[in-house]
There are 2 protein chains.
Amino acid sequence: MDGKGISKAVITRLPRYYRYLGELLENGVERISSNDLSKQMKVTASQIRQDLNNFGGFGQQGYGYNVRFLYNEIGRILGLDHVHSMIIIGAGHLGQALANYVKFEKRGFKIIGIFDINPNLKGSMVRGIGIQMLDELPKFLEEYTVEIATLTIPKDSAREVAELLVANGIKAIWNFAHIDLNLVLPSDIIVENVHLSESLMRLSYNLTHAENKQKKM
Amino acid sequence: MDGKGISKAVITRLPRYYRYLGELLENGVERISSNDLSKQMKVTASQIRQDLNNFGGFGQQGYGYNVRFLYNEIGRILGLDHVHSMIIIGAGHLGQALANYVKFEKRGFKIIGIFDINPNLKGSMVRGIGIQMLDELPKFLEEYTVEIATLTIPKDSAREVAELLVANGIKAIWNFAHIDLNLVLPSDIIVENVHLSESLMRLSYNLTHAENKQKKM
DNA sequence: TAGATTGTTAATCGATTAACAATC
DNA sequence: TAGATTGTTAATCGATTAACAATC
């Protein structure tokens, strides 16, 4: 009934369910059947039911699913029912953009520190948080409980910094550097990658092969 | 021998192969076998050979793969052998961060315009490009050939703007808004999503269920 | 109760891995 | 030539879809 042995594909779909349910909730929809939801999301009803039943029976025969209840349950499954403290390593454009992204805080991801190695940035404020130097990190991690470290630094220093983070107790890394940290860090460290250039390459691939794609439709 | 009927999973792996081959190239490695590469990438040699053979026989029995050749071939498959012109819609923190990301240009993604609706931003320069107002977009798209539009705007206006883009000839959208544009746009429009909050939720999921995960190891 | 819709088992489909003949 | 390694077919595994009995 919990997160053991759930396939990656299922986990990837959970946030999407959560998003659709949140919208239904906003629109005042009280209940929904897997069939109706499947039409909106363009997936099979069977998949929705299978996915949800990995975590428990949230529906009711003859009724469907209560939107608010299911929304909350998925939120709980995703760990959005409590606050996650976060730091950002790398106060470049991307790091600052993430720090300024209000929506994360609404979802319970609270940024409590920003670090960089560029002395010119020292003390600069980003959304009310002063940028600190990387060598202040160990002391900071002793003082504050931090769950997630966001890595927005160039690839070349990413491994070294990640190892420093892990040595100081960080358990999860949101990694924007183009390196497979999961292959170099201990296996119990959680790494979630956002590789923007790989995303752009997939787009480029689809653009380049658009003619063939068309044929299939 | 080309991009027809290639599965999404394969396409997702191509940029990763490209990255590893690029690193091998930098390190002066001339040739590599699927077996050696599989050890570095932590995938099966069989998968590497199967993936590559979707596009052609790039190797040689008894020798393996020539690194430079394979690197170039994958680059060509991904469409990185020619320049893609790009515009950014939404000059907020994220849009500006992307505009400032030098690496894209090195890969052939050339940003030639930035648009926003905030009149305060009009004329502001980002990496040498002046921010234009959204109502200047149709004229701009008549004048310049633009392949990709990057959408870094709030979800609420994303659909409308995307439809405007499509109406003016845009064929591919790099979408950072939390909406499934592919479901509302014509099916020949290419949409590549980067949903940061969904990535963060997956991280949160793995963090929340870390104990169970441990057990499996 | 009758109708609707879930939860769950069984069938199908597709992707990954293994095996090996072809060949450099 | 002998050894190495690919390209490709066959076997396995896992994920998706279909079907339906259970039940609200």
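Each chain gets a letter, A, B and so on, in the order its sequence line appears, and its residues count up from 1. Just so it is clear, the model here is predicted, and its values are computed rather than measured.
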Take atom [atom1] of [X] and atom [atom2] of [N], then tell me their distance rounded to the nearest Å.
X: A:Leu70; N: C:dT5; atom1: CG; atom2: P; result: 16 Å
X: A:Asn53; N: D:dT17; atom1: CG; atom2: P; result: 16 Å
X: A:Phe69; N: C:dT6; atom1: CZ; atom2: C1'; result: 14 Å
X: B:Leu52; N: D:dG7; atom1: CG; atom2: C1'; result: 11 Å
X: B:Asn54; N: C:dT16; atom1: CG; atom2: P; result: 10 Å
X: B:Ile48; N: D:dT5; atom1: CD1; atom2: P; result: 13 Å

Handout entry: For B:Gln61, all residues meeting side-chain hydrogen bond (donor to acceptor under 3.5 Å, both in side chains), sequence neighbours excluded
Key = none
Handout entry: B:Gln40: side-chain hydrogen bond (donor to acceptor under 3.5 Å, both in side chains) partners, not counting sequence neighbours
Key = none
Exercise for the section: Spell out protein contact along nucleotides 19-24 of chain C as letters: B when the base is contacted, S when just the sugar-phosphate is, - when no protein heavy atom is under 4.0 Å; keep the 5' to 3' order. Expected result: BB-BBB
Among residues two or more places apart or on two chains, list those pairs meeting salt bridge (Lys or Arg N to Asp or Glu O under 4.0 Å) that have a residue in [range].
range: residues 86-103 of chain A; answer: none
range: residues 53-68 of chain A; answer: none
range: residues 29-51 of chain B; answer: B:Arg13-B:Asp51
range: residues 177-186 of chain A; answer: A:Asp180-B:Arg16, A:Asp180-B:Arg19

Practice task
For B:Gly59 and for A:Lys8, find the nucleotide of DNA chain D with the closest heavy atom, then tell me which residue's nucleotide is more 5'.
Solution key: B:Gly59
Problem - Residues A:Leu151, A:Phe176; criterion side chain to side chain contact (heavy atoms under 4.5 Å, CB included); working and verdict - result: CA-CA 6 Å; A:Leu151 223 54; A:Phe176 287 74; 5.9 Å; no
Problem - Residue pairs involving residues 85-109 of chain A (criterion ring pair (Phe, Tyr, Trp, His ring centres under 6.0 Å); sequence neighbours excluded) - result: A:His84-A:Phe109, A:Tyr101-A:Phe104, A:Phe104-A:Trp174
Problem - Contact list for residues 7-41 of chain B, test ring pair (Phe, Tyr, Trp, His ring centres under 6.0 Å), sequence neighbours left out - result: B:Tyr18-B:Tyr71
Practice task
Take atom OH of A:Tyr63 as the centre, draw a 6.0 Å sphere, and report whether it contains more than 12 heavy atoms from other residues, nucleotides or ligands.
Solution key: yes
Practice task
Answer with yes or no after comparing the ring centroid distance for B:Tyr65 and B:Phe69 against a 6.0 Å cut-off, counting only values under it.
Solution key: no
Practice task
Considering only NZ, NE, NH1 and NH2 on the basic side and carboxylate oxygens on the acidic side, decide whether B:Lys110 and B:Glu147 come within less than 4.0 Å.
Solution key: no
Exercise for the section: Answer yes when A:Glu105 and A:Arg127 have at least one side-chain N-carboxylate O distance shorter than 4.0 Å, and no when they do not. Expected result: yes
Fill in the blank from the handout: When pairs are called at under 3.5 Å and a stem needs at least three consecutive Watson-Crick or G-U pairs, the stems of DNA chain D are C:3-24 with D:3-24
For nucleotides 10-12 of chain D, which of its nitrogen or oxygen atoms have a protein nitrogen or oxygen under 3.5 Å away, and what is each distance?
none

Handout entry: Stretch residues 10-45 of chain A: residues that reach within less than 4.0 Å of DNA chain D through a heavy atom
Key = A:Arg13, A:Thr44
